[in-house]
There are 2 protein chains.
Amino acid sequence: MAFTDLNQLRTFVVLYELRSVTAVAERLHVTQPTVSYTLRRLRTRFGDELFRREGHDMVPTSRATQLFGPIQEALAQIDATVNETEAFDPAKFTGELMLGLTSIGEQTFLPPIMTALAQEGARPHLQVERLDSGEVEDGLTRGTIDLAITVSMIGSPGLWRSHVRAVEYVALVSGAHPLPPTGPGMFAGRHFLRVSARGGHIFPLQVLTDNGLMQQVVLTVEEYATVPAVLEATDLVVLLPRHVAEVFCGWFPGLLIADLPWPGQSTPVSLYTRRDASLTPAQRWFRSLVLGAVRE
Amino acid sequence: MAFTDLNQLRTFVVLYELRSVTAVAERLHVTQPTVSYTLRRLRTRFGDELFRREGHDMVPTSRATQLFGPIQEALAQIDATVNETEAFDPAKFTGELMLGLTSIGEQTFLPPIMTALAQEGARPHLQVERLDSGEVEDGLTRGTIDLAITVSMIGSPGLWRSHVRAVEYVALVSGAHPLPPTGPGMFAGRHFLRVSARGGHIFPLQVLTDNGLMQQVVLTVEEYATVPAVLEATDLVVLLPRHVAEVFCGWFPGLLIADLPWPGQSTPVSLYTRRDASLTPAQRWFRSLVLGAVRE
DNA sequence: GGCCACCTATAGATGGTATCTATGTGGGCC
DNA sequence: GGCCCACATAGATACCATCTATAGGTGGCC
């Protein structure tokens, strides 16, 4: 019952990651019909369509998704074993590393990461990608990003999670329009600026709804980056993580931080990668470096 | 740097397990020169001889041993993933299962195992092999045995270990020559029958040496099975695990068990298999069945 | 709505290579 | 020393993965 041609699985894995027959052909240095032919044999072997064409994507069927994890892991293990484990040297590594961040994480996390890189004398080509929280799991699984830091909780068994720090939310306002002391009525008569929850920060949305303050929201923006300038010019209030608020206070010394009157059952910020068996030495090194740099 | 032909690895793994090019050819349904050719390419690829011919064996080099573990595991994972996980049905399974035992384990462990098999309505072809303790690790790793129960401790990272029971050692003698009550001088003037430690039972050897009793050893045998008949006919004393002694008392009611005067820092009996990822459903099922049957 | 661009699937030809048969070679073992 | 068994090599062959060329779909855009 053994699989007769293990090489086909390599095509399968790359196709799952790239979701394009043509792209796979380029990556594997073969022509497109070759990949189509391999795909046909895979389909016959598994008795499943595996990838359905939907617009410009080859989207995996549930069977394909189910197969991908263990197979990808197994092939990664083979590659790691077979390729002479020449001790990884950070200083010599110049490859690409994809760091996925949701929301305003760059401001807090990128500086310490860059410092740590410099200390090790490492000069990888670091690429930071801003992701919606829903894209993180898919990006890591498919290998389009190497490492992600996000406030959203991802429970995928194929991913490796590590605690980075707790998130405490605070209110931020212009110094020209200070808030009364922290207490239940501190937001009476005030209006809110809200940042969309696409980055995973659902706490503000939740707390505003729970306390009947959604009517006081007068502006919703997509990006945290636009927040401080708006606050400076208005009397709006925004709820955001303390570490972000502190960065903004550094930019605009006129801003004021105020504690919230609600007990903060905060979601922690976590770091995610694939599971160890699927990581390259470079990725493993990068993970421990980032973890050391940003963990509280 | 990806391995270009994964199929070669299948040959590598089987060759490591069978240690014979010809046997691999038969197993994989190809001719012997085909395997030789594949082996040559593997040797070129890895820049290592991998298998050196020594007499009738192809013995693996250290590089080959180092490669085998992870690759075998990866291929097993692929097979497990790819082969439709049709729920394993013990009642329908009629394959072969190799149970490795050291020393006299059969007497104690086989009856409950057979009972458990009958209760599940399972009829596998169970084959019991008597092994020296040093052969256990190699047999499991190479897949020549599916499961082993032994008193020896094996610390291989590729193996899965589970506690079965503690071993308490006792003295066994003929009723015609009873021992004095348990105490430091209880063996004064008595002579010992010793069973060789090939099965892993090193405790008796150790305790006899430590207490200066090795001079009183007058007979050393290879097998526990010969012990009770000899005891019946002589005034010799033997040190052995209580569960073995009890079996012997069942055979020869004239035998007497006596506790030892030394605190028994006993080695536990353990059950070993390969790690989970490398097990077939049948092996996994068998392991839990055996464990349930023999665990104390 | 219909045309165009892009992507995947199929057809037929071809070359590479894994496999085969036949034979050489080298270590154990009596 | 010579026989036997097992692995290695040589040359022939057949298979099949890959190629080029083309057809079939699907979405986007005017």
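Below, read A as the first sequence line, B as the second, and so on, with proteins coming before strands; counting in each chain starts at 1.
Between the side chains of A:Thr65 and A:Ser62, no donor-acceptor pair is found at a separation under 3.5 Å. The closest side-chain donor-acceptor pair between A:Arg41 and A:Thr38 falls under 3.5 angstrom. B:Thr22 and B:Ser20 share no side-chain donor-acceptor pair at under 3.5 Å. Donor-acceptor pairing under 3.5 Å is recorded for the side chains of A:Ser278 and A:Gln72.
Bending across the helix from C:dG1-D:dC30 to C:dC30-D:dG1, expressed as the angle between its end axes from five pairs apiece, amounts to 30° (10° rounding).
If you check every strand for non-hydrogen atoms under 4.0 Å, A:Arg43 touches sugar and phosphate atoms only. Across all strands, A:Glu54 comes closer than 4.0 Å to no nucleic acid atom at all (heavy-atom distances).
Between B:Arg41 and C:dA18 there is a side-chain polar atom (N or O) within less than 4.0 angstrom of OP1 or OP2. A sub-4.0 Å separation between OP1 or OP2 of C:dC20 and a side-chain N or O of B:Thr31 is present. For A:Arg40 and C:dT10, the shortest distance from a side-chain N or O to OP1 or OP2 is below 4.0 Å. The phosphate of C:dA18 has neither OP1 nor OP2 within less than 4.0 Å of any side-chain N or O from B:Thr34.
Ring geometry for B:Phe88 against B:Trp285 counts as tilted: the plane angle lies between 30° and 60°, on a 0 to 90° scale.
A straight line from CG of A:Leu50 to P of C:dT8 spans 15 Å, rounded to a whole angstrom. The distance from atom CG of B:Leu28 to atom C1' of C:dC20 is 16 Å, rounded to the nearest whole Å.
The backbone N or O of A:Arg161 sits nowhere less than 3.5 Å from a side-chain atom of A:Ser270 that would complete a donor-acceptor pair.
Salt-bridge annotation for B:Arg123 and B:Glu96: absent, with no side-chain N of the basic residue lying under 4.0 Å from a carboxylate O of the acidic one. A salt bridge between B:Asp276 and B:Arg287 is present, with a side-chain N of the basic residue lying under 4.0 Å from a carboxylate O of the acidic one.
Nucleotides of DNA chain D lying under 4.0 Å from heavy atoms of chain A occupy a range whose first and last members, 5' to 3', are D:dA17 to D:dG27.
B:Arg10 forms no cation-pi arrangement with B:Phe12, by the criterion of a distance under 6.0 Å to the ring centre and an angle within 45° of the ring axis.
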